[in-house]
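So you know, we letter chains A, B, ... as the sequences are listed, proteins then strands, and number each from 1. Just so it is clear, the structure is predicted and the values come from calculations on it, not from any experiment.
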Number of protein chains: 2
Amino acid sequence: MSPRKSVVEAAATRTRIIERALTLGAVNGLEGLTIGHLATDLGMSKAGVIGHFGTKEALQLAVVDEAVERFRARVPGHALGARPGLERLSRAFEEWIAYMTEDEEHRGCFLTSVAMEYDERPGPIRDVILTALARWSDYVTAELDEAVTAGELPRDTDIPQLVFELGGIALAVQQAILLNHDPSAADRGRRAIRRILNKPTPQVLGS
Amino acid sequence: MSPRKSVVEAAATRTRIIERALTLGAVNGLEGLTIGHLATDLGMSKAGVIGHFGTKEALQLAVVDEAVERFRARVPGHALGARPGLERLSRAFEEWIAYMTEDEEHRGCFLTSVAMEYDERPGPIRDVILTALARWSDYVTAELDEAVTAGELPRDTDIPQLVFELGGIALAVQQAILLNHDPSAADRGRRAIRRILNKPTPQVLGS
DNA sequence: CCTACCGATCGGTAGG
DNA sequence: CCTACCGATCGGTAGG
């Protein structure tokens, strides 16, 4: 028997649940998560699991929140030390790719997967993801602005276009890793990003 | 009462089921499809629905097969008339983007969504998707080879890298349409592709 | 955090 | 292609 535990222990259990949910959700999707499966995996009862959140949706939101926090701590977090502009942005994408590639257990980017999963399902989960993605876009945009101001990029750079293309590369890396198990995914991603950031919208020839 | 119908009628019903499944599956995912929901939507019984396929997985496979067939008829299909190489490849991507963008009802590319959904779930569905994607990659690779041979691209072009980047752009278009409802998604995609195919791996400066 | 339980829905079958 | 039904599992609650 393990009846009501201390606040500290309860918080630790909550963390364990979210941790496990991040792993299971990466495989079966966030919607494919079930309280029963989660409980069995953790050696707990269903009531013990859901008691920490109230509803399945609240659990899902807690999982997404945790994923957002980890992404932020890791990707923009590790780029903080770099000089604003291209250097910081390169560092951030480098970090994102490393984050997606390194861990044999947690491969790919959870947020990216969930973003695709909920792209057609309105609701609070989709809203949280949209907010997180908008913040990331703002971040990338701000660094590109910085780069233009510092003269690292041409004054007529189409910044939203670059944001779009950089996002596409991250998606390509994710697919290459998860779907194709392509060991060169990280390299291809880095090369593509370097190419875009070094020679953007070459207005050299043509109109 | 609508008891056993003719072979023709049965085939028509089967098509109706798949058509509806393509719509529902685009929203809730292929795994989120339920026979009960499908039956209610079509005004049939569950047994009437599943009877055409046997199992849910067989139904899902039929849906994926149909999606693959539509993609092929539409995208490489409409590029058949174009000259091999860059012209045909541009036409194909142009067609893909149009296909994702045009229809208010069926937005995005079903196969792309399902590819993400099953990227971590081994089984026959994933296998079919992998095969379809491999065929598409081969197609793109062949046209790029053609382009190099014809002198449309530099002899030292890194073809797998281009395939990777072109795929990323398609993914970016899909996300911009479905998640962000970005009306400029198609334009951004076209511009990105034009940029890659016109000035690939600019070996001009540097080592 | 557990046992015991709820109504609803799941995929699927029997039989016509 | 339907009715009627099956065991299993879903999310969630009551009560301790």
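- A donor atom on one side chain and an acceptor atom on the other are found under 3.5 Å apart for A:Ser113 and A:Gln174.
- Rounded to whole angstrom, the span from the CG atom of B:Leu59 across to the P atom of C:dC10 amounts to 14 Å.
- Comment: A:Arg195 engages B:Glu165 in a salt bridge, judged by a side-chain N to carboxylate O separation of less than 4.0 angstrom.
- Relative to the side chain of B:Met44, the nucleotides D:dC2, C:dG11, C:dG12 differ in distance, and D:dC2 lies closest.
- The side chain of A:Ile35 sits closest to D:dG12 out of D:dG12, C:dC10, C:dT3.
- C:dC1 atom P lies 8 Å from atom CD of A:Glu9, rounded to whole Å.
- Side-chain proximity of A:Lys56 to D:dG12, C:dG12, C:dC1: nearest is D:dG12.
- Separating the CZ atom of B:Arg16 from the C1' atom of D:dC1 is a distance of 12 Å, rounded to the nearest angstrom.
- Here the side chain of B:Ile50 is nearest to one of C:dC1, C:dT13, D:dC10, namely C:dT13.
- A donor-acceptor pair under 3.5 Å is formed between the side chain of B:Arg126 and the backbone N or O of A:Leu179.
- Atom CZ in A:Phe53 sits roughly 15 Å away from atom C1' in D:dG11 (whole-Å rounding).
- Counting only Watson-Crick or G-U wobble pairs whose defining distances are both under 3.5 Å, the stems of 3 or more consecutive pairs in DNA chain C are C:1-16 with D:1-16.
- In this structure, A:Glu66 CD and A:Arg14 CZ are separated by 9.0 Å, a value rounded to the nearest 0.5 Å.
- Each of A:His37 and A:Ala47 was assigned the nucleotide of DNA chain D with the nearest heavy atom; the assignment lying further toward the 5' end belongs to A:His37.
- For B:Lys46 and C:dG11, a side-chain-to-base donor-acceptor distance below 3.5 Å is present, hydrogens and geometry of angles not being considered.
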Query - salt bridge (Lys or Arg N to Asp or Glu O under 4.0 Å) between A:Asp41 and A:Arg16, intermediate numbers included - result: CA-CA 11 Å; A:Asp41 255 46; A:Arg16 269 184 70 227; over 6 Å; no
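- In this structure, B:Gln60 atom CD and C:dG12 atom C1' are separated by 14 Å, rounded to whole Å.
- For A:Ser45, the side-chain atoms get nearest to C:dC1 when compared with the rest of C:dC1, D:dC2, C:dG12.
- A sub-4.0 Å separation between OP1 or OP2 of C:dC1 and a side-chain N or O of A:Thr13 is present.
- Note on A:Leu38: nothing from the nucleic acid sits closer than 4.0 angstrom, heavy atoms only.
- Atom CG of B:Leu111 and atom CG of B:Leu133 lie 7.5 Å apart (nearest 0.5 Å).
- B:Arg88 CZ to B:Leu80 CG: the interatomic distance, rounded to the nearest 0.5 Å, is 6.0 Å.
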